[in-house]
Structure formats: structure tokens, C-alpha cells
S.K.: 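The structure follows.
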Amino acid sequence: MSGQEHHYDIVIAGGGMIGTSLALALAPLNLRVAVIEAVARGDRQQPSFDDRSTALSRSSQRMFEAMGLWQAIAKSSTPVRSIHISDRGYFGFSHIDAREQGVEALGYVVINRTLGEVLQNAQFEVEGLELICPGKVGAVDLQPQLVVVGIEEPEGRSRNLTCNLLVAADGADSAVREMVGISASRVDYEQLAVVGNLKPEQPPMNRAFERFTDSGPIALLPVTDDRAAFVWSLPPAKADEVMRLSDEAFMKELQDAFGFRLGNFSRVGRRSTYPLALSKASRLVAGRCVLIGNAAHGLHPVAAQGFNLGLRDVAALSDCIADARTQSNATIDAGDAEILEKYAEWRRADQRKLVRITDGIVRLFGSASAPVRALRNLGMLGFDLVPGVRSLFARHMMGLAGRLPRLSRGVPLE
Ligand SMILES: Cc1cc2nc3c(=O)[nH]c(=O)nc-3n(C[C@H](O)[C@H](O)[C@H](O)COP(=O)(O)OP(=O)(O)OC[C@H]3O[C@@H](n4cnc5c(N)ncnc54)[C@H](O)[C@@H]3O)c2cc1C
């Protein structure tokens, strides 16, 4: 093989939800792209395409539509037409409604494994896209004109690739981020998310619920077959305790905390836990390497925004690369400093804002102090009574605020 055959325009480290989405978003640009994913397809240990459910925002739905993938995703997704937000034991509650916001749905819930099927299958249709899986990025050498990427494969094999641009999409504990010398801060929320799904007596009917309780927030999302997916954030000791309970005892605990808005719970599925932390990279670019998704920012799932925010990274990076190609009217260097700086500049405000909003919600609703509780009940009232506040919040949650890249507006790249 000649050296040329090992060279790519873009190498994406991490073929999870975000890395795979980027590979597909770039498809119309006819670039040579490789995705390196550490965990084999179909392996139950795959950390991204697992049993969790993800609430896709309006802008994420539009983006998949513009990429020609929405029809396949829609088949197994559930529209959310209203969100009910409440604080257990207190009077404040609020309600966001799709009709009031002038949209058909506030978002759509899809099971990660199902989304993974659609995205991973679509990769095989993309010309010029190579999937190296299982393969782990184990070394990175940033040079002025290219990047050398060392890959570790099964049975102790290893090889090097070169590329113009290396994209780190390898998650919150990104090894690539560290290899290129970008530091990250991490705040442990000292909570675990206990997730799973169950059958409520009353079908959720496209309603999502966010309930703040003394032990932590509970999100209940409508999923297919009239089931509901739950994300229950708890202090680690309490999470361990409920994980050890029988299904019956677990449902009783969850029911006590959530209440009977959907009647009695039954048929709870397999439960799993996720540690919750806020992580933030100190910058998004180092030489010819750029960070996207959780490698750039890992959020608490309380506002269901992590993947949606990461998809806007994908849309912005694809947009910057597409623009550069239109301007040069020929082959482009995807790792050109101007492209990467434009991307970083564009993403800064949105990332900061979402970090502030989710972290603020966790802290405000995580406090048991009486003055804070009074304040947040007033806040919920204000949220409902002050004109425009609810709509503004809804626009942020739907991913429709600020200057959006083409794909997030539903406009195909080419
Ligand atoms: C309980 C819970 C519920 C959530 N719900 C929502 C929601 O409703 N809406 C929402 O928008 N977000 C939600 N999120 C956030 C969302 O899951 C993440 O933002 C999203 O998974 C990030 O995707 P990613 O591809 O950046 O990272 P990851 O999902 O971590 O994927 C990283 C990938 O990189 C691979 N990898 C790692 N290291 C290497 C390496 N060295 N070489 C090659 N490959 C490597 C991994 O195997 C993995 O496939 C939730 C998160 C949690 C924990």
C-alpha cells in the first residue's frame, strides 16, 4: 500500500452518537473520512448506542431531516407535545406546550440503540467513508502540515494513519483531548442517573415530565408502545440502594417520588446507572485537532441537552468546512487554522450558555434550603407569568436560539 492510501482528509476518533453523526453530515462533501471506534458494533458494552433514551430537540430533528435520515429515525421515535415541570411537595409547577410554541412537537424521544442502528447502517452508504472498528486511537502526533494517528487494533496489531484534520469525538473522558494537550475541568455532581423504562397505567400520550424531588430530579419521557423511559438522578448511596431492590420494590420507590400522574407503574425493564458530572474543555482547537460533543462538554442530563448541543457542534463544523470548499472551489485542507478558529468562535456562546443553564438547574433544584426552595417556586411562577419567559426558555430547549448552522435549520449542506 502506498502512503497515500493511509491518508484521509478527516479522521474522527470515536464512532458514538456524535462521531457517527459527523461522518454522515460530511457525506455530501466527498471527502476521505475515517471513523475510528473502540467498541465493536453490536457489543453490549458500546457506551453510546445503549439502552438509554434520548430526547432530540427540534433543531436535531431538522438536522436529521436535512441529512435524509429522519424518516428512518421517526419510525421508532415518539413526539413530545408537552412538558410538565413540578417540584415535589411544593406549589410551583409549569407547563410547556407545543401548540403554544407554534410547533408540531417540542422534541422526539428515541432509544439510543435504535438511533445507533439507523446511523451505523447509513455509514455503509457513504462513499469515501472508512470505518475502523474495533480500533482505538492510542497516539497522536500533531505536525504543522498533518496529523499522525496511531491506532491499536485487536490481537496487539497497530498502525498509523495520517490526516489533515483529527476530530476528537471520543466522549467526556476523551483520551485524544489529553493527547493533544487540551485540559478539561470536571465537576462531579455526586449523583448517579438510574435509567430504564416501565409501563405506566395511563399511556404518556406524548407528555414528558420533569419532577424535582428532595433526592434528585426524575425525568419521565414517552417512548414507543405506551411505555415511559425514566432518568432518576440520585446520590450514589441511594442509587446503589434502589438498584439492589426487586422490580416491585423499585417501582414503589419511584412511584412514591414521582406520584400518580400516570397511574400505577408496572413492568419495569433492565435498570442501569451513569455517573453524572460536568466536564468542560479549556479550548476546542489544538493545531489540527478539534473537539466536538462530550469531548468538548459533558452535561448533566436534567435538561436533555448533551447530544443536542453536540449535534450543533457537528452542524457548525460541517458548515465551516463546506464554506471553505465553496470559497476555494477546489480541494480543501479541512485542518486549516482559519476553518477551525471559525468553528471554535461560533460554538463558544452556545456551549457556555447550555453549561450555565443545565448547571444552574442542577444547583437550584438540588438545594434543600428553605430560601432556595421559596426562590425556585417563585421562579416557576415567574416562568409562567412573565410574558415571553417560557417561550424564550422553550426556544433554547428546542435548540432554535442564536445563529444556527445550515443543518440545524434543516437546510442540506449541499
Ligand atoms: C442518563 C443520560 C441521559 C441522557 N439523555 C439525553 C437526552 O435526552 N438528550 C440529549 O441531548 N442528551 C442526553 N444525554 C447526553 C448524551 O448521551 C451525550 O451527550 C452523548 O452520548 C455524547 O455523545 P458522544 O458521541 O460525544 O460521546 P459518547 O457517547 O461518550 O461516545 C464516545 C465514543 O467514542 C468511543 N471511544 C472512546 N475512546 C476512544 C478511543 N481512544 N478511540 C476510539 N474510540 C473511542 C467510545 O467507544 C464511544 O463510542 C444523556 C446522558 C445520560 C448520561
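Every number for a ligand or one of its atoms is a count from 1 in the order of the listing.
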S.K.: Is it true that, when you exclude Arg157 itself, more than 12 heavy atoms of the residues, nucleotides or ligands shown sit nearer than 6.0 Å to its CZ?
M.R.: yes

S.K.: Please determine whether a side-chain nitrogen of the Lys or Arg among Lys252 and Asp256 lies less than 4.0 Å from a carboxylate oxygen of the Asp or Glu.
M.R.: yes

S.K.: Do Phe265 and Phe258 make the cut of ring centroids closer than 6.0 angstrom?
M.R.: yes

S.K.: Dump the pairs for me: ligand 1 N or O, protein N or O, distance under 3.5 Å, to 0.1 Å.
M.R.:
unit_1, atom_1, unit_2, atom_2, d
ligand 1, 8 (O), Ala55, N, 2.8
ligand 1, 9 (N), Ala55, O, 3.3
ligand 1, 9 (N), Ala304, O, 3.2
ligand 1, 11 (O), Ala304, O, 3.3
ligand 1, 11 (O), Gly306, N, 3.4
ligand 1, 11 (O), Phe307, N, 2.9
ligand 1, 11 (O), Asn308, N, 3.0
ligand 1, 11 (O), Asn308, ND2, 3.1
ligand 1, 12 (N), Gly306, N, 3.4
ligand 1, 12 (N), Phe307, N, 3.0
ligand 1, 17 (O), Arg52, NH1, 3.2
ligand 1, 19 (O), Asn294, OD1, 2.8
ligand 1, 19 (O), Phe307, N, 3.2
ligand 1, 25 (O), Met17, N, 3.4
ligand 1, 25 (O), Ile18, N, 3.0
ligand 1, 26 (O), Asn294, N, 3.0
ligand 1, 29 (O), Ser48, OG, 2.5
ligand 1, 41 (N), Val137, O, 3.2
ligand 1, 42 (N), Val137, N, 3.0
ligand 1, 44 (N), Ala38, N, 3.2
ligand 1, 47 (O), Glu37, OE2, 2.6
ligand 1, 49 (O), Glu37, OE1, 2.7
ligand 1, 49 (O), Glu37, OE2, 3.1
ligand 1, 49 (O), Gln46, NE2, 2.9

S.K.: With a sphere of 6.0 Å drawn around CG of Asn206, does it hold more than 12 non-hydrogen atoms of other residues, nucleotides or ligands?
M.R.: yes

S.K.: Using the side chain to side chain contact (heavy atoms under 4.5 Å, CB included) definition, which of the options Leu262, Asp247, Val268 pairs with Leu198?
M.R.: Val268

S.K.: Would you call the rings of Phe250 and Phe230 parallel, tilted or perpendicular, where under 30° means parallel and over 60° means perpendicular?
M.R.: tilted

